[in-house]
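Heads up, the thing below is written out as structure tokens.
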Amino acid sequence: NRRAAASNARVKASPLARKIADEKGVDLSTLEGTGPGGRIVRADVEAAPK
Amino acid sequence: MNYDLIVIGGGPAGYVGAIRAAQLGKKVACVENDRAGGTCLNWGCIPTKALLKNAELYHTISHRADEFGLKVEGLSYDWSKVIGRSRGVSDKLNKGIEFLFKKNKVDYLKGTASIPAAGKVEVTAADGAKTTYDTANILIATGAKSRDMPGFPFNGNTVIGSREALTLEKQPKSVIVIGAGAIGIEFAYFFNAYGTKVTVVEMLPDILPVEDTEVSKTLEKSLTKAGIRILTNTKVTGTSEDGNGVKITVEGAANETLEADIALVAIGVKPVLPGGIELKLTERGWLQTDDTYQTSVKGIYGAGDIIGPPWLAHVASYEAVQCVEGMFTKHKPKKVGVFPGCTYCHPQVASIGLTERAAKEKGLKFKVGKFPYVASGKALAAAEPEGFVKILYGEPHGEIIGAHIIGSESTEMIAEIGLAMNLEATWDEIEATIHAHPTLSEMVKEATEVAKGHPIHV
Amino acid sequence: MNYDLIVIGGGPAGYVGAIRAAQLGKKVACVENDRAGGTCLNWGCIPTKALLKNAELYHTISHRADEFGLKVEGLSYDWSKVIGRSRGVSDKLNKGIEFLFKKNKVDYLKGTASIPAAGKVEVTAADGAKTTYDTANILIATGAKSRDMPGFPFNGNTVIGSREALTLEKQPKSVIVIGAGAIGIEFAYFFNAYGTKVTVVEMLPDILPVEDTEVSKTLEKSLTKAGIRILTNTKVTGTSEDGNGVKITVEGAANETLEADIALVAIGVKPVLPGGIELKLTERGWLQTDDTYQTSVKGIYGAGDIIGPPWLAHVASYEAVQCVEGMFTKHKPKKVGVFPGCTYCHPQVASIGLTERAAKEKGLKFKVGKFPYVASGKALAAAEPEGFVKILYGEPHGEIIGAHIIGSESTEMIAEIGLAMNLEATWDEIEATIHAHPTLSEMVKEATEVAKGHPIHV
Ligand SMILES: Cc1cc2nc3c(=O)[nH]c(=O)nc-3n(C[C@H](O)[C@H](O)[C@H](O)COP(=O)(O)OP(=O)(O)OC[C@H]3O[C@@H](n4cnc5c(N)ncnc54)[C@H](O)[C@@H]3O)c2cc1C
Ligand SMILES: Cc1cc2nc3c(=O)[nH]c(=O)nc-3n(C[C@H](O)[C@H](O)[C@H](O)COP(=O)(O)OP(=O)(O)OC[C@H]3O[C@@H](n4cnc5c(N)ncnc54)[C@H](O)[C@@H]3O)c2cc1C
């Protein structure tokens, strides 16, 4: 998961989305954000394929 | 004339939607049969806030001068100037909207619109002249108006709605406010501050029933102390009026017949639909719209009060912008998610998200952070020790699930929480943000530290 | 007695640091030789805001009553009550801090501390008794005090600093304020509101020199209109006092000798260091600290005003918490990044981040969004049409690089921007956030839309 964490540092995501992504081991850079300005929000992480 | 969009109604849904569409390069008209700015600007949000500002100032001078080291002799007020300032503010903003229409090249059509068919809007001018316009899209933003009580119709005189309450030529000696929502409470505060005898009757257990119970209770205590008689859990079982005043029989907390010069009925709103084509309505009569704000007929959209609750100006404007951007750009319209709600009596009430009650009902796990104004340096310096900030933080991540503030300037403080919720900030970020000292907003941080278990100032 | 931490100074750095350390389970004492709460609570932030609230109210009644439909026949004030309320607020909060010390089990040691050596603090009580304590860590939070002018020493009477200005027994007929920073301007507003003849002398081209130039100019116009004589670009070249008043010779915008009852010198602050061990200082005499707030001696730390600019209470508290958490936990202390600054005259001034001037000097590419209070419904309703919101958005991403607000309640509105900057929000998120209507905070969104090129309301 360190790789996911490393690439997560550079994507635009909400603090909550980050916390949940870290827990679930989701790589944020693989997601498309639906928040304002393309920001990744909680719903995007929760909808992410495991 | 061929338009890309005709908007029916010039309120915060209508004028905002029309201007945004024009900014997107579209040919737009906005039809209004009363005053540009709609209810909000002419008969709602704005003129009430002007009256409330006057009332708060008058209350401070009449009741608290000594506290500030002031001695005031011969204090009086001119009712017509109080009303006059409020009307002046609305007039100025109303002119402003007409200017904005011109600036953005929105055709402002004065008259009453109906929709003979999709793609057509018929406008009847004041003199009865009818003109029909062709248009690719129609946005219905016709809003709502005060709901009357069955068997107790508005008469513009002794039985009135909020609109009439804004322009009373003479101050009533006594008022019975039926319904303790934001509008009822704001008027109760206003009249009481000027010495009108005010009784508020509310069917539900709490005033401002949509708010967090603790907020409602705190406000009730404060308004009661200020002299307002508040009857919650109380039903109106009889009404009558005789040209000079009203009699209202109530059952519940009190069982009696109340008498007053005026009954202000503030029990809710009902839809104002344009005539013409039939559109699908919700059970309660509001315009039914889909995810793109489209009604049951293609090319006809709805936004604002007319599409149902919550009936708030900022929600109306948001919906209109989303709808119009969806119409003319690739933007996928968003429905209203989290939104603030405010009541501008004193102490002010502002909230966003879930109440504690609702969060419990949903079975959410959360921590509550509550911080009292009396522990805030700014609140004491400003002589505003009344109220509290209460924030609900979800566990385990610490996202905000609701916030409830009662007290001075809470309506401004809620903005930070609104942004926080939109950004899905957690308690860590709120705590890490340096808040200016001394401000009331520091209490947002303090309440957060209470929730996290390490408050500094309580 | 063996402590984990002794904090020297009980101001917003000291008491907050002490309490946070105690919450981390440490054995902590806080030494204070004046009053718990420090400058901020007793002689700074808080009592000034109480005076300013009184002043604003008095100004509203004395100058604007008619606008609100009010008639006041005899208005007078009791100076001792004005001062008295301010002192009362400080007293109450001061007691509050002593209570918080008890609650959090911080030993409150009254006396003057010095540091004979690392690990030792000697406290000299009022009666001269000396006690020495052993401690693993020391946090110096001794703050700052008003700087006097060379050759023009404070005499507690005709030549005074802010501390004396807070408790003047008699209202001066005339005051010359030297220095137009936040403190000078706040007192100028206060005295002028009560009819004291006020002249402000500032060496630099603008009052509130750290603020955005446009803000300074707007405030200067407003204060001048309110009756304050403001001399910018003006140097003091001669000073004298004769027991009854002062004479100040100035050169620049005006070349003359000003006379007044009192000179209020508000040209800055100087460090207050505890005696004992020698610690490395900065060029200007402030305590030098590293990234963990440690001084040149291991185990001795510094936070708050004593470690240099910006001299602000919220910055002081932040530093102390960071320092203490770094001392006792794995937390890596953060230095102060972005922080708000406020001035509580009327209209209020609040800002955060870079001024337009500074952003240009840095060669940044940015868009400016400016929105005037006069176009805000809430501002008009509240009879507060003066001021503007100005936000600088970096290009191409739209992050906030600075925000500058002048006008009613700007000090509360800045909280939202502070959070936005902390969360690195961009203009998209600010615009997408539903702001309550009618509020002043809506102007944050409106200014954002101006920056993006599609404002609705201007
Ligand atoms: C006393 C009061 C206080 C309020 N305070 C607040 C507050 O503080 N904050 C808040 O958020 N909300 C407040 N509201 C609610 C707010 O006013 C509404 O939510 C808002 O005005 C809804 O906007 P809208 O554009 O949907 O409708 P409206 O503002 O009602 O505008 C609809 C417009 O359409 C016009 N119209 C209707 N039918 C036709 C037709 N057929 N042809 C042409 N024109 C037509 C009407 O004349 C009207 O001007 C308050 C309401 C009231 C009554
Ligand atoms: C008139 C005025 C208005 C201000 N308004 C604002 C404002 O609105 N907002 C804002 O953010 N800032 C404001 N400030 C600045 C603010 O007061 C300071 O930034 C803040 O107090 C710094 O906190 P501190 O804990 O570092 O120092 P201080 O608050 O100065 O506390 C230091 C304490 O240490 C004590 N002490 C010193 N030496 C010793 C010793 N050897 N032994 C024991 N005790 C000792 C002192 O008595 C003092 O109580 C204002 C300042 C003034 C003067």
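Letters go in sequence order (proteins before strands), and every chain restarts at 1.
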Spacing of Asn422(B) atom CG and Ile434(C) atom CD1 [to the nearest 0.5 Å]: 7.5 Å

To the nearest 0.5 Å, atom CD1 of Ile456(B) lies from atom CG of Asn104(C) at 7.0 Å

Close contacts, residues 47-56 of chain B versus chain C, judged by heavy atoms under 4.5 Å: Lys49(B), Ala50(B), Lys53(B), Asn54(B)

Partners of Asp78(C) by side chain to side chain contact (heavy atoms under 4.5 Å, CB included), sequence neighbours excluded? Ser80(C), Lys81(C)

So which part of [X] gets closer than 4.5 Å to some heavy atom of chain C, the side chain, the backbone, both or neither?
X: Glu412(B); result: both
X: Arg85(B); result: side chain
X: Leu57(B); result: side chain
X: Ser90(B); result: neither
X: Leu440(B); result: both

Applying ring pair (Phe, Tyr, Trp, His ring centres under 6.0 Å), name anything that partners His331(C), two or more places apart in sequence or on another chain. none

Using heavy-atom distances under 4.5 Å, tell me whether [X] contacts chain B through its side chain, its backbone, both, or neither.
X: Glu409(C); result: side chain
X: Glu424(C); result: neither
X: Cys45(C); result: both

Any pair counted as ring-ring contact (aromatic ring centres under 6.0 Å, His included), so long as it reaches residues 414-448 of chain B, sequence neighbours left out: Tyr393(B)-Trp427(B)

Step through it carefully: locate the ring centre of Tyr15(C), locate the ring centre of His457(B), and say whether they are under 6.0 Å apart. yes

